[in-house]
Amino acid sequence: MKLISATPSPYARKIRIALAEKSVPFELQTEVPWNDDTSLPQHNPLEKLPVLLLDDGSTVWESSFILEWIERKFPEPPLLPPDDDGILAHKRMDALATGVCDAFLLVFFERMRPEAHRSQPWTDRQMRKVHGGIAEIARVVGDRPCAVRDAFGIADISAGSALGWLDVRFPELGWRKTHPNLSRYMDGLMTRPSFQSTTPYPQSITSAVV
Ligand SMILES: N[C@@H](CCC(=O)N[C@@H](CS)C(=O)NCC(=O)O)C(=O)O
């Protein structure tokens, strides 16, 4: 099994962490999805990573769906509790944290446009979602080491991947100062080998994207 990933991608990091937590062996194929030479169009009609390339030639894409696939195919150790309310709480956090990434990705590329072509209302709209999403993650986590009850799982993988990515791509956001509880939460997540071994770092995009 191969995973197409990018070093800064919070979406791909979710999958790398889940596979590491479950000790599932895989080959990492690192690409820059925004460059013209990416192989993604051959594997995912949406041309996005992460993509899992399975040994039988089939593919699995979309980070939240890949997490679901991994949980079903490799149930041990579980990253979701057995009960519906617990599962839904993890999936709610996954939707929230992934939505923060979606909003900030739009800002990231807006900032790449020549200044005269940037839209402030568009940026403001997306940044409201980033701020609102982080505030909601902080509210849900509170002062606990895990986002849902007392067990690490998909909610923490997604929240930690989003926060770690903002540290790399948008350090001036300063979420650690605004939400000291989240800073402590993230420090706790970073003690896990699965988080340490997937610490994000930027790639350079050489093709024209916007
Ligand atoms: N909804 C997707 C988002 C994935 C995504 O946006 N990936 C970025 C890299 S961080 C990408 O491959 N973008 C290329 C493109 O949109 O053309 C998921 O959760 O997997």
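Bear in mind the structure is a predicted one, so any value in this text is a computation, not a measurement.
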Using every non-hydrogen atom in the two residues, find where [X] and [Y] come nearest and quote the distance to one decimal.
| X | Y | value |
| --- | --- | --- |
| Ser207 | Asn35 | N-OD1, 3.2 Å |
| Phe195 | Arg13 | O-NH2, 2.9 Å |
| Leu49 | Ala12 | CD1-CB, 4.1 Å |

What about [X] and [Y], same hydrophobic cluster or not, with Ile/Leu/Val/Met/Phe/Trp/Tyr joined at side-chain heavy-atom distances under 4.5 Å?
| X | Y | value |
| --- | --- | --- |
| Val130 | Val140 | yes |
| Val32 | Phe109 | yes |
| Ile87 | Ile66 | yes |

| request: In plain terms, say whether Asp94 and Lys14 are close enough for a salt bridge, that is, a side-chain N and a carboxylate O under 4.0 Å apart. | output: yes
| request: Answer yes or no: is there an ion pair linking Asp102 with Lys129, defined by an N-O contact shorter than 4.0 Å? | output: no
| query | In terms of heavy-atom contacts, does CZ of Arg144 have more than 12 from other residues, nucleotides or ligands at under 6.0 Å? | reply | yes
| task | Look at atom CD of Glu172 and say whether more than 12 heavy atoms of other residues, nucleotides or ligands are closer to it than 6.0 Å. | result | yes
| Any residue meeting ring pair (Phe, Tyr, Trp, His ring centres under 6.0 Å) with Phe104, in chain and number order, not counting sequence neighbours | Trp165, Phe170
State, with a plain yes or no, whether a side-chain heavy atom of [X] is found less than 4.5 Å away from one of [Y].
| X | Y | result |
| --- | --- | --- |
| Glu136 | Arg92 | yes |
| Met190 | Asp187 | no |
| Lys48 | Pro33 | no |
| Ile157 | Leu79 | yes |
| Ile4 | Leu40 | yes |
| Tyr11 | Leu105 | yes |
| Gln203 | Thr30 | yes |

| request: Hey, could you give me the CG/OG distance between Leu52 and Ser58, rounded to the nearest 0.5 Å? | output: 9.5 Å
With a cut-off of 3.5 Å and sequence neighbours excluded, list every side-chain donor-acceptor pair involving residues 146-153.
| from | atom 1 | to | atom 2 | distance (Å) |
| --- | --- | --- | --- | --- |
| Arg149 | NH1 | Asp83 | OD1 | 2.9 |
| Arg149 | NH1 | Asp83 | OD2 | 3.4 |
| Arg149 | NH2 | Asp83 | OD2 | 2.8 |

